[in-house]
Amino acid sequence: MLVLVIGGAGYIGSHSARALRRAGHDVIVFDNLSTGYEFLASGFELIQGDILDAPALKRVLSRVDAVMHFAAHAYVGESVVNPKKYFRNNVEGGLSLLNAMVESGVKKIIFSSTCAVYGEPAKVPIDETTPRQPVNPYGVSKLFFEQALASYDRAYGLRFASLRYFNAAGADESGEIGELHEPETHLIPLALSAAAGTGPQLQVFGSDYPTPDGTCIRDYIHVNDLADAHVKALAHLSSGNESFAVNLGTGTGYSVQQVISAVEQATGKTVPRRLAPRRPGDPPALVANPAKAQALIHWKANRGLPEIVATAWKWMQSRSAMRA
Ligand code: UDP
C-alpha cells in the first residue's frame with residue numbers, strides 16, 4: 001500500500017513511517033516542517049506542505065491508498081493561552097484534510113488521538129467507554145476531529161482508526177531518530193538532560209497528589225510500540241473492518257519519582273531536581289486499559305519503562321555526538 005504520512009517529519013510520525021516501511025508499505029511524507037525536522041524523514045519522499053493547502057493535499061492524495069495523520073499542535077498549556085492556533089490547525093486543518101480525502105476518494109485514515117479526550121476521568125485504568133470530556137482546547141480539538149471522523153464515516157464511507165495515545169516516549173533503537181521538541185516539556189527528556197548536565201534541574205510538579213509517593217502517575221508507551229499499532233490499525237481497516245477507536249498504553253502506570261529512578265539507573269547519574277508546585281490541569285493518574293486494542297487489532301506494548309528510558313538516552317547521546 002502507498003501511505004501518506006502527514007506529519008511524518010515529527011516524533012511519532014517519523015517512527016511510524018519507518019514501521020510502515022518495515023511492514024512492506026511505501027510511504028510519502030507530507031509535513032510543513034513547522035515543528036518537524038527534514039532529517040527525521042530522510043530516506044522518504046518528502047513533500048513540504050500544509051494541511052490547510054487543499055490543492056497541495058489533493059495532488060498527493062491522488063497517488064495514495066491511505067492516510068496517517070500526525071500533524072497537530074500538541075502542547076496542552078499553549079492550547080489554553082492560544083486556542084486560536086489549536087483550532088486553526090487541528091480543527092480547520094483537519095477538516096481541510098478530510099474534505100480533500102473525500103474529494104480524492106481516499107477512504108482510510110489512521111488518526112493520532114490522545115487520552116486528553118477523556119479529561120480527568122473518575123477512575124483508572126481508562127477504557128474506551130469512559131466519557132470523553134476534555135478539559136483543555138487541545139483535548140477539545142482532538143475530540144472534535146474524532147467526531148468529524150464518525151460523521152464522515154456515516155455519510156461518505158470514510159473508514160478511520162482513532163488511536164488514543166497515552167504518554168509517548170522513548171526512541172528508535174537505532175539511535176537515528178527520536179523525540180525533538182522545541183521547547184521540550186516532557187518528563188523523560190527533561191530528566192535525562194538534567195542528569196546529563198545539558199539542561200536545567202528538573203522540576204517535580206507536585207508531590208502531594210493522592211498517589212503512593214505523592215507524584216503523578218502516567219502510562220508511558222514506547223514510540224515504536226505506538227508505531228506498530230498504526231501498522232496493525234491500517235491492516236485491520238484494509239481487511240474491510242469497521243472504523244474504531246482504541247487506547248494505546250501499556251496498562252501500567254509509573255510515578256514521576258519512579259521515572260526519575262529509572263533515569264538514574266539508565267544513566268548512572270543523579271537527576272538534579274527540586275519540588276515545584278503542581279502544573280495546572282495535571283490529573284493525579286492516567287493509565288490505559290489497553291484490552292480493546294489487544295482484542296481488536298492484536299496489539300500490545302512490548303517495551304517497558306527500562307527500554308523507553310534506555311532508547312531515549314541513546315538518542316540524546318547520539319544527538320550530542322551529531323552536534324559535536
Ligand atoms: N512533569 C514534571 N516535571 C516536568 C515535566 C513533567 O514533574 O518538567 C510531570 C507532569 O506533571 C506529569 C508527568 O511528569 O505528571 C508527565 O508529564 P509530560 O509533560 O511528560 O506528559 P503529559 O502527561 O503532560 O502528557
Side-chain angles (χ1 to χ4, degrees), residues 11-12 72-83 86 90 112-147 162-170 179 181 183-191 202-223 225-226 245-263 273-293 301 304-305 308:
Y11 173 41
I12 305 169
H73 296 310
Y75 291 117
V76 168
E78 183 186 54
S79 80
V80 175
V81 295
N82 192 359
Y86 280 69
N90 299 4
S112 299
S113 192
T114 165
C115 64
V117 296
Y118 298 118
E120 294 175 11
K123 68 171 181 57
V124 291
I126 301 166
D127 68 25
E128 292 80 359
T129 64
T130 304
R132 287 172 295 165
Q133 295 168 331
V135 293
N136 51 61
Y138 166 65
V140 169
S141 73
K142 290 284 183 172
L143 176 57
F144 174 87
F145 195 82
E146 282 200 1
Q147 290 173 326
S162 284
L163 304 183
R164 298 180 187 147
Y165 311 159
F166 281 65
N167 285 59
E179 188 167 11
H181 293 121
E184 188 51 77
T185 61
H186 294 111
L187 177 63
I188 291 176
L190 289 176
L202 182 72
Q203 300 186 62
V204 176
F205 295 142
S207 54
D208 58 351
Y209 282 98
T211 60
D213 65 23
T215 63
C216 281
I217 292 176
R218 295 289 179 273
D219 185 339
Y220 296 90
I221 169 90
H222 194 283
V223 64
D225 281 328
L226 286 182
V246 289
N247 291 338
L248 296 182
T250 65
T252 302
Y254 291 97
S255 71
V256 172
Q257 187 51 54
Q258 287 174 307
V259 170
I260 291 172
S261 302
V263 166
R273 57 187 178 272
R274 69 177 177 83
L275 295 181
R278 290 183 178 196
R279 191 171 64 175
D282 269 343
L286 293 173
V287 179
N289 175 344
K292 185 178 172 192
L305 189 62
I308 288 175

From the list R164, R132, E146, side chain to side chain donor-acceptor pair (under 3.5 Å) partner of S113 resolves to E146
Below 4.5 Å, heavy atoms only, C-beta onward: do Y75 and P183 meet side chain to side chain?
yes
Is any side-chain heavy atom of V140 closer than 4.5 Å to one of S79?
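No, every pair of side-chain atoms sits at 4.5 Å or beyond.
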Checking side chain to side chain donor-acceptor pair (under 3.5 Å) for the pair E78/Y86: CA distance, chi angles, key distance, verdict?
CA-CA 9 Å; E78 183 186 54; Y86 280 69; 2.5 Å; yes
Nearest atoms (heavy-atom pairs only) where [X] meets [Y]:
X    : Y    : value
V117 : G139 : CG1-O, 4.1 Å
V287 : V124 : N-CG1, 3.9 Å
I126 : P121 : CD1-CG, 3.5 Å
P284 : R218 : O-NH1, 3.6 Å
L286 : C115 : CD1-SG, 4.3 Å
G249 : P290 : O-CB, 3.4 Å

Spatial distance of atom [atom1] ([X]) from atom [atom2] ([Y]) [nearest 0.5 Å]:
X    : Y    : atom1 : atom2 : value
H181 : L190 : NE2   : CG    : 11.0 Å
Q257 : T211 : CD    : OG1   : 10.5 Å
R278 : D208 : CZ    : CG    : 4.5 Å
T252 : I221 : OG1   : CD1   : 10.0 Å
L187 : Y254 : CG    : OH    : 14.0 Å
L275 : T215 : CG    : OG1   : 9.5 Å

Any donor-acceptor pair under 3.5 Å from [X] side chain to [Y] backbone:
X    : Y    : answer
Y209 : A285 : no
N90  : H73  : yes
K142 : S112 : yes
Y11  : A169 : yes
D219 : T250 : yes
D213 : S255 : no

Output, in order, the C-alpha distance, side-chain angles, deciding distance and verdict of side chain to side chain contact (heavy atoms under 4.5 Å, CB included) for K292 and T129.
CA-CA 10 Å; K292 185 178 172 192; T129 64; over 6 Å; no
Using side chain to side chain donor-acceptor pair (under 3.5 Å), reason through H186 and E179 one step at a time and then give a plain yes or no.
CA-CA 10 Å; H186 294 111; E179 188 167 11; 3.1 Å; yes
Does F166 form a side chain to side chain contact (heavy atoms under 4.5 Å, CB included) with N247? I'd like the steps, not just the answer.
CA-CA 7 Å; F166 281 65; N247 291 338; 3.8 Å; yes
Quiz question: by atom type and distance under 3.5 Å, do the side chains of Q203 and R273 form a donor-acceptor pair?
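Q203 vs R273: no donor-acceptor pair found between side chains.
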